[in-house]
Structure formats: structure tokens, C-alpha cells
Amino acid sequence: MSEFKPGLDGVIATDTSISYLDVDNEEIVIRGYDLIELAGAKSYPEVAYLVINGELPNHKQLTNFEKILLDDSTFPNEAYEVLKLAPKKSMVMDIIRTGISFLAGFNDESDLMNTSHESNLNKGIRLIAEVAILTANSHRILNNQNIIKPDNSKSFAENFLGMILGHKISSKEAEIFDKILICYIEHEMPNSTFAARIIGSTLSDMYGAFVGGISSLKGPLHGGANEAAIHMLLDIESKGGSKIADKYIMDKLNNKERIMGFGHRVYMKKYDPRALFLRDYIAELESNIQNGKELHKIYKIVEEVMAREKGLYPNTDYPIALLFYLLGIPIPLYTPIFFASRTSGLIAHVIEQHNNNRLFRPRVLYTGPRGLKL
Ligand code: CMC
């Protein structure tokens with residue numbers, strides 16, 4: 001039996017050609033490219049195509065791909081009816097999870113359970129479009145707003161943000177939202193990707209893997225951290241703002257509380273390259289709202305205190321939390337948008353798992369009693 005590592009810390013779970021966190025060289029490798037370079041130069045659909053297919057698209061491939069990402073012809077009206085049945089106190093992540101399960105039923109069993117590369121690709125790419133529709137409209141329906149269907153005259157990011165906000169957005173806002181989506185797209189082996197691969201390894205289907213993935217990503221130690229981070233910044237603002245930010249964090253640290261949006265299992269005491277890249281966009285949006293500048297000030301103080309006291313740096317959820325707030329995105333959608341972006345990474349991983357499958361079935365270090373008699 002091999003050595004026991006709680007939380008599988010440092011354990012290599014699989015081989016992959018999709019992505020790798022090269023912490024020493026501060027690079028997130030995506031199919032051979034540096035994610036930050038991709039985020040500076042490419043759009044979400046281009047990077048999604050790369051993540052899923054292993055190479056960047058040519059013009060024709062990109063045009064066809066973008067068409068599918070904005071196509072709602074496979075999204076049945078019944079799915080909107082299911083969303084409307086959800087209790088109003090539901091969390092958006094739970095409604096999306098239900099929506100994904102429901103959509104699975106629109107595939108014949110033989111198509112659903114077909115794990116061939118081509119079948120997975122078809123189902124997966126449709127799911128990118130469908131999860132974006134589910135994300136925006138789950139929140140709209142919960143808040144008694146009208147349903148907004150995709151507008152295929154827009155880019156993926158502009159359309160997605162437009163469906164969420166329900167009003168026209170500027171090209172700068174669309175551009176920054178696109179970069180955020182790219183930063184969330186794929187990140188080696190986080191808990192949700194592992195969950196999706198574990199499910200895929202039983203030869204279960206793409207939808208099932210997504211349902212497992214979204215349940216994992218919901219947790220505050222994973223995707224839920226972006227919502228927790230903005231709640232903290234707003235709490236600091238309401239209790240005195242930048243004047244009390246240092247003390248607020250010190251009190252939390254003294255109470256052994258976690259500061260959400262800081263720390264990372266792999267980066268540990270290093271800066272997440274995505275957080276470094278995205279923080280520069282905060283200044284571009286801070287005038288969008290009245291309290292934007294003050295929140296930015298608090299943001300910087302919290303970052304300084306965490307570096308000074310714990311030697312810990314922001315992960316990507318920290319700048320994204322503030323950027324989403326400055327974009328006017330409702331807080332309950334922060335984690336769902338992370339998942340909507342990550343669909344591309346999950347598709348690539350389920351395809352890779354199915355193409356070279358070995359069932360995940362680890363062992364345990366048993367610590368219970370033995371030899372009890374009835
Ligand atoms: N605030 C305060 N202390 C922290 C934090 C934090 N955010 N993160 C780690 N530490 C401390 C922790 O208390 C411990 O200190 P000590 O050695 O003195 O006891 C040390 O750092 C190591 O912590 P750990 O829990 O053993 O490290 P881990 O690898 O299990 O934790 C983590 C990784 C992401 C769960 C953790 O950093 C954390 O809870 N962060 C806050 C939640 C968060 O931002 N999650 C998003 C992660 S990145 C995006 C994603 O994956 O979705």
C-alpha cells in the first residue's frame with residue numbers, strides 16, 4: 001500500500017495533456033500555451049476551442065464553434081418551466097445542477113451513454129451554451145425577471161453578460177468579462193475537475209460528470225470563495241471602510257478565521273498568476289459605481305495585511321469578486337459564472353478520461369475497530 005496523504009496533497013492522480021500549474025516558473029500551461037498570454041490576446045471561444053481540441057482554431061473553425069456557443073435550439077422550453085418550479089430561496093448553483101440533470105433526458109440513452117470522442121464533443125459543446133443560458137436565466141427567474149435568450153449577433157462574453165444584466169453593456173465591460181472567463185476556464189486538477197473525472201471513470205456520462213463537478217465547485221473552499229470574498233469587502237466597508245480594514249483582518253486572523261480569496265493548495269505562498277493579471281483591471285472599472293474607489297482601497301489593504309501577516313497572496317477569486325461587483329453582477333451569480341466558464345475544462349477532462357480510461361478506486365487507511373463479536 002502506498003503512503004497516505006490526507007487530502008491527496010501532492011499526489012499525482014492522472015496524466016494529462018490539457019493543463020499544468022508550473023508554480024516554479026509562475027506559469028499556468030494550457031495545451032502548451034501560457035494562460036495569461038492567451039487571456040491577453042484571445043477570446044473565450046478561442047481558448048475554449050484550444051482547451052477542448054488541443055489546438056487553436058482557424059477562422060472557419062472559430063466561426064462554427066462560436067455559432068454553437070450561442071445556439072439555443074437544443075435548449076428545450078420545458079427546461080425554463082423546470083427552472084420556474086424551483087423554490088424562490090434556491091441557490092442558483094442548485095438550480096443549474098437540476099437543469100443539467102433535466103437536459104440529460106433530452107438525449108436518447110444510447111447517445112447519452114456514448115463515451116466516444118465525437119459524441120462527448122457534441123454533447124459537451126452544447127453544454128457550454130446551455131449552462132450559460134441556465135446561469136443567467138436561473139437568477140432572472142428567481143427574481144421574477146423575464147427570460148433572455150442568446151443573441152447570436154454578439155460575442156460569447158457580451159451575450160452572456162447581457163443575458164445576466166438585462167441591459168446593454170460597454171465594449172470595455174465585455175472585454176474584461178471575457179478575460180475573467182478565460183482566467184476561470186481550466187486549472188489542472190481542482191476538486192471539481194477531479195470529481196468530474198472520477199465520475200467519468202465509471203463510464204458514466206458527460207451530464208453526470210458535470211453534476212458532480214458543479215456540486216464540488218459550489219463549496220466555499222473552492223468556487224464559492226468569490227462570493228465570500230465580496231461579502232467580506234462589503235462588510236468591511238459597512239463597518240468603517242478602509243480606516244478599519246487592517247484591524248478587521250487582524251481580528252479575523254487572531255480568531256483563526258480564513259480570509260476568503262487568499263491561499264491555494266498548489267500556489268501556497270506564491271501569487272496566483274491569474275490574480276496578478278486581473279487586478280490591473282479593477283482601476284478601469286472602479287468608477288462604474290459610487291463606492292468603487294473605496295472598495296478598491298479596502299481590497300489593497302486586505303492584500304497588504306495578508307502578505308505581511310501570513311505571507312499569503314490572493315487567488316483568482318479575490319480580484320474577480322471585486323470585478324464582478326463593479327460590473328454590477330448579482331452576487332449569487334459569481335460562483336455559477338465560474339462554473340459556466342469551467343465547463344470547457346470539464347469537457348476536455350471527461351473526453352480525456354473516457355479516451356484512456358482507468359476506473360478510480362483508491363484504498364483507505366482503516367482506523368476503526370476489528371474483531372467485534374455480535
Ligand atoms: N486565510 C487565513 N489563513 C490561511 C488561508 C486563508 N485564506 N489559507 C491558508 N491559510 C493558512 C492556514 O491557516 C494554515 O496556517 P497554519 O499552518 O498556521 O495552520 C496554512 O495557511 C496552510 O493552510 P491549509 O488549510 O493546510 O492549506 P490548504 O492547501 O489545505 O488550503 C485553501 C488551501 C484554498 C483551502 C485555503 O488556502 C483556503 O481555505 N483559502 C480560502 C478559500 C479560498 O479562497 N478558496 C479558493 C481557492 S482558489 C480557487 C478555487 O480553487 O476555486
Side-chain angles (χ1 to χ4, degrees), residues 4-11 13 18-21 23 26 28 30 35-36 39 93 180-197 212-233 235-236 245-279 299 301-325 331 333-346 349:
F4 169 48
K5 298 270 196 172
L8 301 184
D9 201 340
V11 170
I18 302 168
S19 69
Y20 172 61
L21 307 188
V23 177
E26 295 174 11
I28 300 167
I30 301 282
L35 177 72
I36 302 307
M93 287 294 266
I180 295 172
L181 293 179
I182 295 173
C183 284
Y184 267 150
I185 198 166
E186 162 63 16
H187 204 227
E188 201 208 68
M189 197 52 56
N191 194 289
S192 51
T193 303
F194 190 39
R197 286 192 79 129
I214 193 171
S215 303
S216 154
L217 200 131
K218 180 182 171 188
L221 295 187
H222 190 359
N226 54 16
E227 294 181 22
I230 194 64
H231 284 304
M232 180 189 72
L233 293 177
D235 193 35
I236 297 174
D246 194 313
K247 182 176 176 326
Y248 180 101
I249 297 299
M250 288 306 295
D251 288 348
K252 276 199 180 286
L253 292 178
N254 290 335
N255 281 337
K256 303 255 167 272
E257 285 178 52
R258 300 239 155 180
I259 307 302
M260 293 295 158
F262 286 81
H264 194 279
R265 172 66 62 82
V266 180
Y267 298 121
M268 290 188 281
K269 303 252 165 182
K270 288 203 168 180
Y271 221 113
D272 178 337
R274 302 166 300 174
L276 211 50
F277 171 72
L278 287 171
R279 73 174 182 185
Y299 174 101
I301 295 170
V302 174
E303 183 177 335
E304 279 162 24
V305 179
M306 286 302 284
R308 184 186 76 211
E309 297 298 323
K310 301 288 290 185
L312 285 175
Y313 296 96
N315 56 55
T316 196
D317 286 321
Y318 189 56
I320 289 178
L322 184 51
L323 286 167
F324 278 170
Y325 193 75
I331 297 172
L333 279 174
Y334 291 14
T335 310
I337 295 169
F338 179 173
F339 180 75
S341 164
R342 187 54 60 82
T343 51
S344 300
L346 294 185
H349 279 279

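Read the numbers this way: they start at 1 and go in the same order the structure lists the ligands and their atoms.
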Check: Tyr318 ring centre within less than 6.0 Å of His264 ring centre: no
Taking distance alone, with no angle check, do [X] and ligand 1 share an N/O pair under 3.5 Å?
X: Gly261; result: yes
X: Leu221; result: yes
X: Arg274; result: no
X: Ile259; result: yes
X: Arg258; result: yes

Should you measure from each heavy atom of [X], which atoms of ligand 1 turn up under 4.0 Å away?
X: Phe338; result: 52 (O)
X: Gly263; result: 34 (C), 37 (O)
X: Gly223; result: 52 (O)

Check each heavy atom of [X] against ligand 1 and say whether those closer than 4.0 Å belong to the side chain, the backbone, both or neither.
X: Asp317; value: side chain
X: Met306; value: side chain
X: Leu312; value: side chain
X: Met268; value: neither

Protein non-hydrogen atom found under 4.0 Å from atom 25 (O) of ligand 1: yes
Salt-bridge criterion met for Lys252 and Asp235 (N-O under 4.0 Å): no
Asp272 side chain to Thr316 side chain, donor-acceptor N/O pair below 3.5 angstrom: no
